[in-house]
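To find a chain, count down the sequence lines: A is the first, B the second, and so on, and within it residues start at 1. In what follows, every heavy atom counts, from backbone to side chain, and hydrogens, waters and symmetry copies are set aside.
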Amino acid sequence: MSIDVQSLAKRRGFIWQSAEIYGSMAGFYDYGAMGAMLKRKWENSWLKYFMGLNDNYYLIDSTNILPEAALKASGHVDSFTDPLIECTKCGHAFRADQLIEETTNQAAEELSLAEIDAKVLEIGLACPRCKGPFGNARTFNMMFPIDVGTKGTDKAYLRPETAQGAYLNFKRHFEIMRRKLPLGLTIIGKAYRNEIAPRQGVYRMRELIQAELQIFMDPDTFSDELDLKEMDGQDIQVQLVDMRGKQHMQPMPCRYLVDQYGLPEFYVYHMLKIQQFYLDVIKVPKSKFRFYEKSAKERAFYNRVHFDIEVDLSTLGGFKELAGLHYRGDYDLTKHQLGSKESMEVSIEGRRLIPHVLELSFGVDRNVWALLDLHLVDERTGVLKLPPALAPYTFAVFPLMKKDELIPVARNIHSRLRDDYDVCYDQSGSIGKRYARMDEIGTPFCITVDFDGLADGTVTIRDTDSAEQKRIKLDDLEIIARGLHSGKLLFKELN
RNA sequence: GCAUCGAUGGUCUAGUGGCAUGACUUAGGCCUUCCAAGCCUAUAGCCCGGGUUCAAUUCCCGGUCGAUGCACCA
């Protein structure tokens with residue numbers, strides 16, 4: 001029998017559907033005690049890594065509710081919408097613009113609802129499934145509308161992406177942070193999309209968490225400010241558009257991607273950084289990681305370069321998008337300049353420009369799920385081997401048995417460590433069962449107080465990864481704990 | 001949103017028109033000097049609404065949720 005990640009996630013307190021006792025709504029998930037800690041630690045690792053790329057990158061926060069005008073300017077009110085027509089006979093809904101385009105070979109994207117209705121009549125469009133007649137076209141916008149104020153007269157929406165918060169705040173932060181480029185603004189927060197058919201667990205949700213870094217920069221000088229030497233001799237795992245169907249991915253030298261494939265140096269530099277994050281911090285096996293190039297047709301029109309970051313997840317049946325690296329150009333700030341009539345132009349050493357945006361966009365829920373998927377290594381017994389910095393609990397402390405001599409010592413160790421780490425104390429059940437519990441929630445180190453140790457001031461410490469044990473002096477506990485937690489000391493280096 | 005299938009303690013399941021099965025888990029106890037041992041006890045369940053029936057977890061209708069395919073995913 002193999003461990004089902006979904007039921008482990010539920011049973012051990014990671015994640016499950018929201019409002020369970022009322023039958024749930026599709027696309028909404030809640031985090032339990034373990035899941036919330038795992039998510040927080042993923043976010044912390046992510047922040048530490050990506051904020052560390054530049055001194056001028058900052059964490060900010062912004063509202064989930066945005067005024068209609070802002071989302072009108074960003075294009076979401078109009079383009080986050082699909083015109084639908086429904087068959088009056090079989091009830092099947094179709095994308096009106098696509099159907100018209102297929103039938104007439106004419107672009108229909110710009111047609112209004114009334115124009116669509118007229119066009120449907122004109123060309124005698126009928127339901128491709130049952131030949132039934134179509135009703136009037138209507139729009140379906142993926143944004144959740146909100147009525148603000150007692151009369152609900154201020155129209156607003158739940159934000160469909162966190163990015164807009166950074167764009168709306170750009171001018172003020174540019175001023176506060178002393179007018180330097182590149183300026184990085186990070187937001188970790190909720191975004192909302194009224195998906196037509198949420199599927200595959202946390203992979204497509206209606207309320208999701210995004211971690212996004214928006215880098216505002218001058219495309220002509222940004223590359224010069226990066227340490228491009230880091231790219232020398234480094235390969236990126238990529239699947240380019242023309243490789244599709246032939247292979248999953250191929251290691252391509254950074255230099256090739258710049259010189260031959262024509263990607264901007266700053267873009268490839270960030271590919272490398274993202275790859276290092278996944279391979280070194282998240283510990284994704286190299287064979288399960290790739291950048292997946294989006295074709296001109298697949299990417300949003302304002303993205304000049306777009307690769308998805310994909311990881312091979314067995315629970316989701318293959319390579320799945322966990323993040324995206326988008327070179328959005330000056331599209332966003334230009335749009336908000338038009339919409340708000342506030343100038344988004346900046347002046348740097350005599351050069352005036354509207355900064356361009358390089359967006360690093362991560363789906364947090366998917367990434368947290370990926371941790372469970374990737375690190376549940378023993379499917380039979382359910383051993384989760386999480387990196388110490390990501391595990392919900394870094395340490396667990398047990399008395400070998402529920403005996404009066406052992407309990408106070410174990411309690412004391414627990415409280416010594418608790419100030420600095422997330423530590424679990426457990427004295428219930430056999431020692432083997434307690435180790436197994438910790439295996440399932442990914443606690444990397446278990447400290448056990450036994451009778452031998454009472455005499456000579458030692459405890460045993462067990463490594464989840466290898467299930468091996470070593471005996472350490474209680475006096476060394478703090479320094480060893482610090483080393484193991486940071487990853488600077490490896491378990492095998494003990495003694 | 002359409003189609004097919006499904007939904008039983010916390011988890012995984014058996015089964016049924018009339019006291020709902022088992023395992024694991026969890027809690028308490030006994031035992032136990034290191035990897036889910038054993039014994040005793042306890043807690044806990046038929047997705048929601050309506051219908052048929054003396055009686056519905058079971059049959060019927062509608063909904064919700066899930067899996068899969070199609071569609072959708074700027």
Side-chain angles (χ1 to χ4, degrees), chain A residues 1-4 6-13 16-28 32 71 74-87 90-95 97-99 109 127-130 140-143 160-161 193-201 203-206 208 294 297-303 306 308 315 317 321 326 328 331 378 380-383 398-403 405-406 426 428-440 446-455 459-464 466-471:
Chain A
M1 194 188 78
S2 70
I3 300 288
D4 173 26
Q6 192 109 30
S7 78
L8 178 117
K10 219 188 253 191
R11 193 158 43 86
R12 285 302 182 201
W16 50 81
Q17 278 197 287
S18 156
E20 275 188 311
I21 61 171
Y22 286 103
S24 303
M25 273 190 298
F28 295 92
L71 292 161
S74 71
H76 286 87
V77 171
D78 297 319
S79 339
F80 214 58
T81 306
D82 292 329
L84 294 180
I85 41 175
E86 237 167 72
C87 172
C90 71
H92 199 90
F94 296 88
R95 279 279 298 274
D97 53 339
Q98 284 185 354
L99 215 51
E109 214 173 331
C127 175
R129 290 193 138 204
C130 70
F140 177 75
N141 193 303
M142 300 244 299
M143 291 194 295
E161 58 174 6
R193 298 174 182 186
N194 195 3
E195 296 281 357
I196 296 170
R199 279 280 178 87
Q200 294 196 287
Y203 187 67
R204 205 192 304 174
M205 304 200 296
R206 286 176 164 143
L208 56 134
K294 300 299 253 190
K297 207 170 181 178
E298 289 166 328
R299 64 181 182 246
F301 59 93
Y302 51 77
N303 276 336
H306 179 172
D308 279 346
T315 53
E321 174 195 355
H326 314 128
R328 300 173 66 134
Y331 173 84
D378 188 332
R380 195 177 54 79
T381 54
V383 180
F398 310 139
L400 180 60
M401 288 185 304
K402 213 189 291 181
K403 294 284 186 193
E405 310 92 282
L406 302 174
D426 192 358
S428 145
S430 73
I431 190 72
K433 180 166 282 184
R434 282 176 268 159
Y435 287 143
R437 282 181 193 135
M438 290 303 124
D439 285 346
E440 275 194 336
C446 296
I447 295 161
T448 302
V449 177
D450 63 1
F451 294 99
D452 295 347
L454 283 183
V459 291
T460 62
I461 181 161
R462 172 190 185 266
D463 171 48
T464 293
S466 60
E468 275 175 36
Q469 252 178 333
K470 289 182 178 174
R471 187 166 287 278

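- Of the candidate nucleotides B:A74, B:G1, B:A36, B:A36 has the atom lying nearest to any side-chain atom of A:E440.
- One P atom belongs to B:C24, the other to B:G38, and the distance between them is 7 Å to the nearest Å.
- Looking at heavy atoms from C-beta onward, A:R193 lies out of side-chain contact with A:M143 at the 4.5 angstrom threshold.
- A syn orientation is assigned to B:C19, its glycosidic angle lying within 90° of 0.
- Within 4.0 Å of A:Y302, counting heavy atoms only, lies at least one base atom of the nucleic acid.
- The nucleotide B:U52 finds no pairing partner, because no Watson-Crick or G-U wobble arrangement with both distances shorter than 3.5 Å includes it.
- For the OP1/OP2 pair of B:C72 and a distance below 4.0 Å, the side-chain nitrogens and oxygens of A:R193 include no atom meeting the criterion.
- Between the C1' atom of B:G45 and the CD atom of A:E20 lies a distance of 14 Å, rounded to the nearest Å.
- Comparing B:U58 with B:A44, their P atoms are spaced 23 Å from each other, to the whole Å.
- Separating the P atom of B:G45 from that of B:G22 is a span of 16 Å, rounded to the nearest Å.
- The side chain of A:H76 approaches B:A74 more closely than any other nucleotide in the set B:U11, B:A74, B:G28.
- Looking at heavy-atom distances under 4.0 Å, A:E405 makes no contact with the nucleic acid at all.
- Taking only side-chain nitrogens and oxygens, A:K433 comes nearer than 4.0 Å to OP1 or OP2 of B:U25.
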Polar atom pairs between nucleotides 31-34 of chain B and protein, under 3.5 Å, N or O only, would you list them?
{"residue": "B:C34", "atom": "O2", "partner": "A:Y435", "partner atom": "OH", "Å": "2.6"}
{"residue": "B:C34", "atom": "O2", "partner": "A:Q469", "partner atom": "NE2", "Å": "2.8"}
{"residue": "B:C34", "atom": "N3", "partner": "A:Y435", "partner atom": "OH", "Å": "3.4"}
{"residue": "B:C34", "atom": "N3", "partner": "A:T460", "partner atom": "OG1", "Å": "3.4"}
{"residue": "B:C34", "atom": "N3", "partner": "A:Q469", "partner atom": "NE2", "Å": "2.7"}
{"residue": "B:C34", "atom": "N4", "partner": "A:D450", "partner atom": "OD2", "Å": "3.1"}
{"residue": "B:C34", "atom": "N4", "partner": "A:T460", "partner atom": "OG1", "Å": "2.7"}

Quiz item: Which nucleotides of nucleotides 61-67 of chain B have their base under 4.0 Å from a protein heavy atom (B), which only their sugar-phosphate (S), and which neither (-), written as one string 5' to 3'?
Solution: ---SSSS

